[in-house]
Amino acid sequence: MRILLERWMKEKLLKAKGTFTYLGYKFNKELDDNRTLSHKLRVRVSTNYIHTVIDGVRRYIVCLENKKCSYRQFQLDELPCPHALATLRQMDESFEEYCSSYYPRAYLLRTYEIPVNPLPDESKWNVP
């Protein structure tokens, strides 16, 4: 189990180091997918923070101030859903402040920089 953890930590650290976007690789890909879906949506402004996003015949309410969407993906993932991204594009705002503070590349690097130290041979263990 320890060898598996060592390998995972090394792989994830290398992936985080090889990412040059604001968000980590996994979260950046999900955001790109959401951005692609957001291009077909229409946005109607209600107030500075509350917007109605129209997706075909369905309507979703996005509140940027509270980081909420009636679709609920925004709250669950803590990453802007397609409806929130459509709203942000309409307002000409950046997505960074609407993402979880755990998703940026810098945070991921700090997460995986703690090493999983290998164990010495069993003969060297001090077992009481």
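The basis for the numbers below is simple: all heavy atoms, side chains too, and nothing from hydrogens, waters or symmetry mates. All residue numbers in this chain count up from 1 along the given sequence. The shown structure was predicted, so the numbers you read here are calculated from the model rather than taken from an experiment.
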Just distance, no hydrogens or angles: give the donor-acceptor pairs under 3.5 Å from side chains in residues 59-68, sequence neighbours left out.
{"residue": "Lys67", "atom": "NZ", "partner": "Glu97", "partner atom": "O", "Å": "3.1"}

Are the side chain of Ser100 and the backbone of Tyr103 linked by a donor-acceptor contact shorter than 3.5 Å?
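Judged by distance alone, no pair lies under 3.5 Å.
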Do [X] and [Y] have side chains that get closer than 4.5 Å, going by heavy atoms?
{"X": "Arg89", "Y": "His39", "answer": "yes"}
{"X": "Cys99", "Y": "Phe27", "answer": "no"}
{"X": "Val53", "Y": "Arg42", "answer": "no"}

Do the side chains of [X] and [Y] join up, straight or via other hydrophobic residues, at under 4.5 Å, putting them in one cluster?
{"X": "Val45", "Y": "Leu88", "answer": "no"}
{"X": "Leu14", "Y": "Trp8", "answer": "no"}
{"X": "Tyr107", "Y": "Met9", "answer": "yes"}

Exceeds 12 heavy-atom contacts within 6.0 angstrom, atom [atom1] of [X]:
{"X": "Leu5", "atom1": "CG", "value": "yes"}
{"X": "Leu4", "atom1": "CG", "value": "yes"}
{"X": "Tyr98", "atom1": "OH", "value": "yes"}
{"X": "Tyr22", "atom1": "OH", "value": "yes"}

[X] versus [Y], closest heavy-atom pair with distance:
{"X": "Cys81", "Y": "Asn34", "answer": "CA-ND2, 3.8 Å"}
{"X": "Asn117", "Y": "Arg2", "answer": "O-NH2, 2.8 Å"}
{"X": "Trp125", "Y": "Leu119", "answer": "CZ2-CD1, 4.1 Å"}

What's the spacing between [X] [atom1] and [Y] [atom2] if we round to 0.5 Å?
{"X": "Leu108", "Y": "Leu23", "atom1": "CG", "atom2": "CG", "answer": "8.5 Å"}
{"X": "Arg58", "Y": "His83", "atom1": "CZ", "atom2": "NE2", "answer": "9.0 Å"}
{"X": "Tyr49", "Y": "Thr87", "atom1": "OH", "atom2": "OG1", "answer": "13.5 Å"}
{"X": "Ser38", "Y": "Asp33", "atom1": "OG", "atom2": "CG", "answer": "11.0 Å"}
{"X": "Leu109", "Y": "Glu113", "atom1": "CG", "atom2": "CD", "answer": "7.5 Å"}
{"X": "Ser101", "Y": "Glu78", "atom1": "OG", "atom2": "CD", "answer": "7.5 Å"}

Do Thr21 and Arg105 pass the side chain to side chain donor-acceptor pair (under 3.5 Å) test, and can you show the C-alpha distance, the side-chain angles, and the key distance before you say yes or no?
CA-CA 7 Å; Thr21 56; Arg105 177 185 181 266; over 6 Å; no
Compute both the distance and the angle, then confirm whether Arg35 meets the cation-pi test with Phe95: under 6.0 Å from the six-membered ring centre, within 45 degrees of the axis.
yes
As a test of understanding, state which of Leu85, Asp55, Ile54 forms a side-chain contact (heavy atoms from CB on, under 4.5 Å) with Leu41.
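Testing each of Leu85, Asp55, Ile54 against Leu41, the sole residue satisfying side-chain contact (heavy atoms from CB on, under 4.5 Å) is Asp55.
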Could you go step by step and tell me if Leu31 and Leu79 meet the side chain to side chain contact (heavy atoms under 4.5 Å, CB included) rule?
CA-CA 7 Å; Leu31 191 72; Leu79 192 70; 4.2 Å; yes
For the pair Ser46 and Thr52, evaluate side chain to side chain contact (heavy atoms under 4.5 Å, CB included) and give the outcome as yes or no after the intermediate values.
CA-CA 7 Å; Ser46 297; Thr52 302; 3.8 Å; yes
